[in-house]
Amino acid sequence: MLDIKFIRENADLVKEAARKKKIKVDIDRLLSIDDERRALLSAVEGKKAEQNKVSEEIAQADSARREELITQMQTLKADIQAEEEKVKPIMEEWQALMLQVPNIPDMSVPDGDSDADNVEVKNWGEQTQFSFTPLDHTELMVRHKMVDFERGTKVHGFRGYYLLGDGARLSWAIWNYANEFFQTKGFDPLLVPSIVRKSNLYGTGHLPNDADDVYRTQDDDYLIGTSEVSTMGYFADEVLDHAQFPIKFLAFSPCYRREAGSHGKDVKGLIRVHEFFKVEQVVLCEASHEESVQWHETINRNTEEFIESLGIPYRTVLNCGGDIGQGQVKKYDIELWVPDEQKYREISSASYFHDFQTRRFNIRYRDKEGKMRYAHSLNCTAIPTPRILVSLVENFQQADGTIKVPEALQKYLGKAHIG
RNA sequence: GGAGGGAUGGCGGAGUGGUCUAACGCGCUUGUCUUGAAAACAAGAGUCUGGGAAACCGGACCGUGAGUUCGAAUCUCACUCCCUCCGCCA
């Protein structure tokens, strides 16, 4: 959510943002609706003011004068009701339009339609070379009894899976390692609800536009697609103190995604599943662009460091306008090398929002001057499982069919090789 | 699932039809005092909106939405949310 005043004063900037993000929203319509809204409100308020004034007189008037005033008020009252009737549909359209308005992307965000137009800003490690014909992660993991897709499908359906044996143990090892790694960076662990009220998804910006990708319960609650949702909701409607910043959470939760519209994509393996687990960095800081930028770089770098410690080749891309969300100012994706596909696949997203989310959540704080302001919010994947397993097992497979365990993980898994 | 209670500003909390421009307390900001701080005292402070270059001046806002009334924080209804008790349950 942007401030309507900002939209009014920077209409061209907002239109350009929509263009860059490929978001369809009629800003001119919003502005004219807003003019109507303000004109009507001011008319209603003016009449209410008169009503209040006369009401006060009535309270003190003698009975003859009182009768006269009361008669006069009857028409005014009808007037007010008529005006208020007009306000209702205007407000509804105004609110619907306001929810469509995108946040302004940073100057550095490149133009583009899709992830194909993202710009590589960093490349780390050598793309793994093999002296033998490598297997893909599905075959490798099935062979080592780390995953069971058949029973996964039997029980859950399309994209269902079980992790078992070393697949399950490796997941635990990664969670435990990530938990320790990010806590040493000052993040506090948080286990969050994965069933949430609708309002939280409006808060993060997943609703109303991504409704198709979210699971809903028969009570009209929703399953989160990322712990960012419940972590941000944690502070909804609260007033924080500037001394609390930065607030750094390491949230962990299952994540549910319907993947509507991507039925034909990544049908095999663990790249795209309906249900997975994710460790997530969430940061709230004070309302300063510089702070946001600094934390954005930091949390993205944290995840890069984590990947480096595992020794998996990766690249970092700066997402183009068409590939960043409605609320995001700027986003980096970290992509890991997947030998079987001979390409990099997304493993992490680092975004900052300025006060786009905190306005929707009503998360405010008192700054040093005692003034009330909306906080800034950011988030970045720490590590998702099982997607991380794809690159991990493929890159570390050996000629003898075993999988080498990255050194950093060995103490958490309790061994150096799988198989 | 059943029954009951409640929603007031940053927080606590009064107010049950007309100076409510919302008491009182705590916290916050700025002054005065002080070497500095604390304490004390004084003033100020929310959101939206109209006018204005600004200082500032005016208006609306007591969970949300309807209704009753000349007039609603206060009465009625619906919705949303919170709490308590009973039942069920990991």
Side-chain angles (χ1 to χ4, degrees), chain A residues 1-9 30-99 101 191 193-203 207-208 216-222 230 232-245 247 254 284 286-287 355 358-375:
Chain A
M1 190 83 78
L2 291 182
D3 187 353
I4 181 64
K5 261 190 268 181
F6 177 88
I7 298 172
R8 235 184 278 142
E9 287 160 15
L30 173 60
L31 291 178
S32 74
I33 280 284
D34 186 56
D35 285 342
E36 282 188 63
R37 178 186 72 100
R38 284 183 297 151
L40 279 171
L41 282 182
S42 129
V44 169
E45 284 176 4
K47 287 186 172 136
K48 278 194 179 173
E50 197 189 333
Q51 188 181 54
N52 288 343
K53 215 172 91 186
V54 179
S55 293
E56 216 170 293
E57 275 183 58
I58 290 174
Q60 276 134 7
D62 58 51
S63 59
R65 176 80 180 133
R66 179 177 295 219
E67 282 305 310
E68 190 184 319
L69 286 172
I70 286 175
T71 318
Q72 179 194 327
M73 289 290 276
Q74 310 272 16
T75 53
L76 182 63
K77 189 192 164 189
D79 255 23
I80 291 175
Q81 272 172 341
E83 293 281 339
E84 279 181 333
E85 274 308 304
K86 284 193 246 168
V87 173
K88 233 167 89 179
I90 297 285
M91 280 312 289
E92 273 169 23
E93 188 176 353
W94 187 84
Q95 273 157 354
L97 281 166
M98 283 296 280
L99 284 173
V101 177
L191 296 178
S194 46
I195 304 174
V196 300
R197 290 211 172 95
K198 217 190 325 204
S199 59
N200 298 287
L201 285 144
Y202 276 98
L207 286 180
R216 196 173 66 226
T217 75
Q218 61 267 50
D219 300 314
D220 208 23
D221 290 324
Y222 288 76
S230 357
M232 289 299 297
Y234 185 81
F235 289 113
D237 295 315
E238 295 196 16
V239 177
L240 308 168
D241 189 89
H242 65 88
Q244 288 175 263
F245 292 134
I247 292 167
L284 287 175
E286 51 186 294
D355 58 7
T358 53
R359 275 179 188 280
R360 292 185 170 198
F361 272 116
N362 191 28
I363 301 173
R364 297 173 293 171
Y365 73 98
R366 258 183 216 292
D367 69 11
K368 288 190 183 76
E369 281 75 47
K371 197 171 144 45
M372 205 75 101
R373 311 188 63 177
Y374 289 104

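In what follows, chains are A, B, ... by sequence order, proteins preceding strands, each numbered from 1.
Under the side-chain contact (heavy atoms from CB on, under 4.5 Å) criterion, Leu69(A) pairs with Val54(A), Glu57(A), Ile58(A), Ala61(A), Arg65(A), Gln72(A), not counting sequence neighbours. Looking at residues two or more places apart in sequence or on another chain, you find no salt bridge (charged side-chain N to carboxylate O under 4.0 Å, His left out) involving Asp237(A). For Glu286(A), the side-chain contact (heavy atoms from CB on, under 4.5 Å) partners at least two apart in sequence or on another chain are Phe245(A), Glu291(A), Tyr365(A), Lys368(A). The side-chain contact (heavy atoms from CB on, under 4.5 Å) test applied to Glu67(A) returns no partner, not counting sequence neighbours. Remark: Ser55(A) pairs with Gln51(A), Met73(A) by the side-chain contact (heavy atoms from CB on, under 4.5 Å) rule, at least two apart or across chains. Scored by the salt bridge (charged side-chain N to carboxylate O under 4.0 Å, His left out) test, Glu238(A) finds no partners at all (sequence neighbours excluded). Every ring-ring contact (aromatic ring centres under 6.0 Å, His included) that Tyr234(A) has, sequence neighbours left out, goes to Phe249(A).
Salt bridge Arg359(A)/Asp355(A): present, at least one basic N to carboxylate O contact under 4.0 Å.
Arg359(A) comes within contact range of no nucleotide atom at all, as no heavy-atom separation falls under 4.0 Å. Counting any heavy atom pair closer than 4.0 Å across all strands shown, Lys5(A) reaches sugar-phosphate atoms only and no base atom. As judged by a 4.0 angstrom heavy-atom cut-off over every strand, Lys371(A) is placed among residues making no nucleic acid contact.
The separation between Lys53(A) atom NZ and U19(B) atom P is 16 Å, rounded to whole Å. Taking atom CZ of residue Arg66(A) and atom P of nucleotide C70(B), one finds them 12 Å apart after rounding to whole Å. Straight-line distance from the CZ atom of Arg364(A) to the C1' atom of U47(B): 8 Å, rounded to whole Å. Atom P of nucleotide U30(B) and atom NZ of Lys368(A) are separated by 13 Å, given to the nearest angstrom. Atom CZ in Arg366(A) sits about 8 Å away from atom C1' in A45(B), given to the nearest Å. Rounding to whole angstrom units, CD of residue Glu9(A) and C1' of U49(B) are separated by 14 Å. Taking atom CE of Met98(A) as the reference point, atom P of C48(B) lies 11 Å away to the nearest angstrom. One interatomic measurement links the two molecules: CD1 of Ile58(A) to C1' of U19(B), which rounds to 16 Å at whole-angstrom precision.
G71(B) and U19(B): their P atoms are spaced 15 Å apart (whole Å). If you take atom P in C77(B) and the same atom in C86(B), they sit 28 Å apart, rounded to whole Å. The separation of G12(B) from A90(B), taken at their C1' atoms, amounts to 37 Å, rounded to a whole angstrom. Comparing C20(B) with U74(B), their C1' atoms are spaced 11 Å from each other, to the whole Å. Only the P atoms considered, A55(B) is 22 Å distant from A60(B), to the nearest whole Å. A distance of about 13 Å separates the C1' atoms of A23(B) and G9(B), rounded to the whole Å. Nucleotides G87(B) and A45(B) have their C1' atoms positioned 49 Å apart, rounded to a whole Å. The separation of C26(B) from A43(B), taken at their P atoms, amounts to 15 Å, rounded to a whole angstrom.
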Would you give a per-nucleotide map of nucleotides 55-66 of chain B, 5' to 3', where B means the base has a protein non-hydrogen atom under 4.0 Å away, S means only the sugar-phosphate does, and - means neither?
-> ----BS-----S

Trace of the side chain to side chain contact (heavy atoms under 4.5 Å, CB included) decision for Arg366(A) with Lys371(A) = CA-CA 5 Å; Arg366(A) 258 183 216 292; Lys371(A) 197 171 144 45; over 6 Å; no

Name the atoms and distances for all side-chain donor-acceptor pairs under 3.5 Å in residues 78-89 of chain A, with sequence neighbours left out.
from     : atom 1 : to       : atom 2 : distance (Å)
Glu84(A) : OE2    : Lys48(A) : NZ     : 3.3

Using a 3.5 Å cut-off and no angle test, enumerate the donor-acceptor pairs between side-chain atoms of residues 36-44 of chain A and protein atoms at least two apart in sequence or in another chain.
from     : atom 1 : to       : atom 2 : distance (Å)
Arg37(A) : NE     : Asp34(A) : OD1    : 2.9
Arg37(A) : NH2    : Asp34(A) : OD1    : 2.9
Arg38(A) : NE     : Asp34(A) : OD2    : 3.3
Arg38(A) : NH2    : Asp35(A) : OD1    : 3.0

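Residues Ile7(A) and Met98(A) have side chains in contact (heavy-atom distance under 4.5 Å, counting atoms from C-beta outward). The side-chain heavy atoms of Asp221(A) and Arg197(A), taken from C-beta on, include a pair separated by under 4.5 Å.
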Using Watson-Crick and G-U wobble pairs with both distances under 3.5 Å, what is the 5'-to-3' dot-bracket string of RNA chain B, with [ ] for crossing pairs and | for pairs outside the strand?
-> ((((((((.[[[..)..(.....]]].(((((.......))))).((((((....)))))).[[[[[..)....]]]]])))))))....

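Side-chain nitrogen and oxygen atoms of Arg8(A) include at least one within less than 4.0 Å of the OP1 or OP2 phosphate oxygen of U49(B). For the OP1/OP2 pair of C82(B) and a distance below 4.0 Å, the side-chain nitrogens and oxygens of Arg197(A) include at least one atom meeting the criterion.
The stretch residues 32-41 of chain A comes close to RNA chain B through Arg37(A), Arg38(A), each having a heavy atom under 4.0 Å from the strand.
For the pair Leu69(A) and Asp237(A), nearest-nucleotide mapping onto RNA chain B gives the more 5' position to Asp237(A).
Among G10(B), U49(B), C70(B), the nucleotide with an atom closest to any side-chain atom of Ile4(A) is U49(B). Candidate nucleotides C81(B), C70(B), U49(B) were compared by shortest atom distance to the side chain of Ser42(A), and U49(B) ranks first.
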